[in-house]
Undergrad: 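Before anything else, here's the structure in question.
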Amino acid sequence: MAGNLTTGGGEDLLGDMNRKSANMDSLVVCFGEFLIDLVPTVGGVSLAEAPIFKKAPGGAPANVAVCVSRLGGSSAFIGKVGDDEFGHMLANILKENYVDNTGMRFDQSARTALAFVTLRADGEREFLFFRHPSADMRLHESELDINLINKAKIFHYGSISLIEEPCRSAQLAAMTIAKKSGSILSYDPNLRLPLWPSAEAAREGIMSIWEQADLIKVSEDEITFLTEGCDPYDDNVVMNKLFHPNLKLLIVTEGSAGCRYYTKAFKGRVPGIKVKAVDTTGAGDAFVGGLLSSLASDLNLFQDEKGLREALAFANACGALTVTGRGAIPALPTKQAVVDALTKYNAS
């Protein structure tokens, strides 16, 4: 079935919007960075070799928010961008995708962040960030939309906002507010080593909030990094070094191979869907968005292994469909596209 899937982006989004009016009790609030990715128009080249770059919206938390919305759920984004054309463009992208952007703030003295990103011929991604500082780093605790956070059924965040003050304190405060209001805390570390002062600072910063999360999603590479070289495929490594007593669910993503899941009561693996990848940007965010959209509708999935496996198969399909198109947000699928892909996969 490789290469035959479509994201179904032409579906009636107004229908999604109407459903969301009744969905506010399932709100997913995403906190963190939203920036401009500058991507070469040709693949397999280094940043220095790229002849032309094309701009695209980027930032994992924002991608997750759009994914939840496109799947028919309710989502909101909290973060800061520059009071510049790029910042207002990003705010409008959220609005166009029916993501509540009332928690966004605009900085008049710092610019919207830029990230040059390319997939080299050897398959490795190469990043060059311009944020010295950028607006997302300058979000203050006093600028948080507390009412919006209090409405979150799930509060989702990463680790990039932990790198610098004042955004670090703002994220910690937002997590505390969400926890007190009864939200599920969802954490995707989304390791970006070039942004941290050192590898040790990254490891320490990521782990500093580890035990507060109810749900954590990590990749195999992140396990190797966080455990300082341990085998990411060893269940004992995962359970002894990364699982903590308050955790409801730990997910290990394996790219196109699927994912593994760990709870206190059960563990297992759900295979992925094989597709012809065009652009892997945003695949992990689509996976997270797919999973959170299911959990926001039914938190009992934490205890229901059969239901959780179905939700993870759905999340795997979200990630698979996203890599068949270019750019993270444009390629994010609708719910019907995911259902169709799973139906086709199960029938094959």
Undergrad: Answer yes or no: are there more than 12 heavy-atom neighbours, outside Glu204 itself, under 6.0 Å from its atom CD?
TA: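 No - once you tally the heavy atoms of other residues, nucleotides and ligands closer than 6.0 Å, there are 12 at most.
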Undergrad: Picking from Val117, Thr118, Thr281, what satisfies side chain to side chain contact (heavy atoms under 4.5 Å, CB included) with Val39?
TA: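 By the side chain to side chain contact (heavy atoms under 4.5 Å, CB included) criterion, Val39 pairs with just one of Val117, Thr118, Thr281: Val117.
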Undergrad: What are the two closest heavy atoms between Ala296 and Lys153, and how far apart are they?
TA: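 Ala296 and Lys153 have their closest heavy atoms at O-NZ, 2.9 Å.
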Undergrad: Are any side-chain N or O atoms of Arg105 and backbone N or O atoms of Thr102, one a donor and one an acceptor, separated by less than 3.5 Å?
TA: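 Yes; at least one donor-acceptor contact below 3.5 Å.
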Undergrad: Do the side-chain N and O atoms of Asp84 and Thr112 include a donor-acceptor pair separated by under 3.5 angstrom?
TA: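 Yes, Thr112 and Asp84 have a side-chain donor paired with an acceptor closer than 3.5 Å.
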Undergrad: What's the spacing between Leu250 CG and Asp214 CG if we round to 0.5 Å?
TA: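 Leu250 CG to Asp214 CG: 12.5 Å, rounded to 0.5 Å.
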Undergrad: Evaluate whether atom CZ of Arg131 has more than 12 neighbouring non-hydrogen atoms of other residues, nucleotides or ligands under 6.0 angstrom away.
TA: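 Yes - once you tally the heavy atoms of other residues, nucleotides and ligands closer than 6.0 Å, there are more than 12.
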Undergrad: Parallel, tilted or perpendicular for Phe53 and Phe116, by the 30°/60° rule?
TA: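 Plane angle over 60°, so perpendicular.
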Undergrad: Under 4.0 Å between a Lys/Arg side-chain N and an Asp/Glu carboxylate O for Arg269 and Glu254?
TA: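 Judged by the 4.0 Å cut-off on N to carboxylate O distance, Arg269 and Glu254 do form a salt bridge.
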Undergrad: Could you report the tightest heavy-atom contact between Lys264 and Pro245, atom names first, then the distance?
TA: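 Closest approach of Lys264 to Pro245: NZ-O, 2.5 Å.
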Undergrad: Under the 6.0 Å and 45° cation-pi test, does Arg203 pair with Phe225?
TA: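 Yes; both conditions hold, so Arg203 lies above the ring face of Phe225.
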Undergrad: Looking at every non-hydrogen atom in both residues, tell me the closest pair between Gly290 and Cys67 and how far apart they are.
TA: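 Smallest interatomic distance, heavy atoms only, reads N-SG, 4.0 Å.
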Undergrad: Does the side chain of Glu96 come under 3.5 Å of the side chain of Asn92 through a donor N or O and an acceptor N or O?
TA: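 Not at all, the side chains of Glu96 and Asn92 share no donor-acceptor pair under 3.5 Å.
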Undergrad: Got more than 12 heavy atoms from elsewhere within 6.0 Å of CD, Gln108?
TA: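 For Gln108, atom CD is not crowded (no more than 12 foreign heavy atoms under 6.0 Å).
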Undergrad: Classify the angle between the aromatic ring planes of Phe130 and His132 as parallel (below 30°), tilted (30 to 60°) or perpendicular (above 60°).
TA: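 The arrangement is perpendicular - the two ring planes meet at more than 60°.
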Undergrad: Could you tell me whether the side chain of His244 reaches within less than 4.5 Å of the side chain of Ile216, counting heavy atoms only?
TA: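 Contact flag for Ile216/His244 side chains = yes.
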Undergrad: With side-chain contact (heavy atoms from CB on, under 4.5 Å) as the test, would you mind laying out the steps for Leu148 and Ile78 before giving the verdict?
TA: CA-CA 9 Å; Leu148 185 57; Ile78 292 176; 3.9 Å; yes
Undergrad: Give the intermediate values and the outcome of salt bridge (Lys or Arg N to Asp or Glu O under 4.0 Å) for residues Lys306 and Glu310.
TA: CA-CA 6 Å; Lys306 181 176 181 294; Glu310 291 173 357; 2.9 Å; yes
Undergrad: Would you check if Leu162 and Trp196 make a side-chain contact, meaning some heavy-atom pair closer than 4.5 Å?
TA: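 Yes. Closest side-chain heavy atoms under 4.5 Å.
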Undergrad: Within a strict 4.5 Å, meaning less than it, do heavy atoms of the Leu292 and Ser186 side chains meet?
TA: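 Yes, close enough: below the 4.5 Å cut-off.
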Undergrad: Arg260 and Tyr233: side-chain donor and acceptor closer than 3.5 Å?
TA: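 No, no side-chain donor-acceptor contact under 3.5 Å.
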Undergrad: Tell me whether Leu299 shares a hydrophobic cluster with Leu308, the cluster being built from Ile, Leu, Val, Met, Phe, Trp, Tyr side chains joined at under 4.5 Å.
TA: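 Linked within one cluster.
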Undergrad: Measure from the side-chain N and O atoms of Ser74 to the backbone N and O of Leu27, and report whether any donor-acceptor pair falls under 3.5 Å.
TA: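 No, the answer is negative, given that no donor and acceptor are paired below the 3.5 Å cut-off.
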Undergrad: Considering non-hydrogen atoms only, spot the tightest contact between Gly82 and Ala135 and give its length.
TA: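 In terms of heavy atoms, the two residues are closest at N-CB, 3.2 Å.
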Undergrad: Among Val66, Ile93, Val68, Val64, find the one that has a side chain to side chain contact (heavy atoms under 4.5 Å, CB included) with Val99.
TA: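 Exactly one candidate clears the test, Val66.
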Undergrad: Quick one about Gln212 and Tyr187 (side-chain donor to acceptor, distance below 3.5 Å, no hydrogens or angles considered), yes or no?
TA: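 Side-chain D/A pair, Tyr187 to Gln212: absent.
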Undergrad: Check this for me: Lys179, atom NZ, are more than 12 non-hydrogen atoms of other residues, nucleotides or ligands nearer than 6.0 Å?
TA: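 Count over threshold, so yes.
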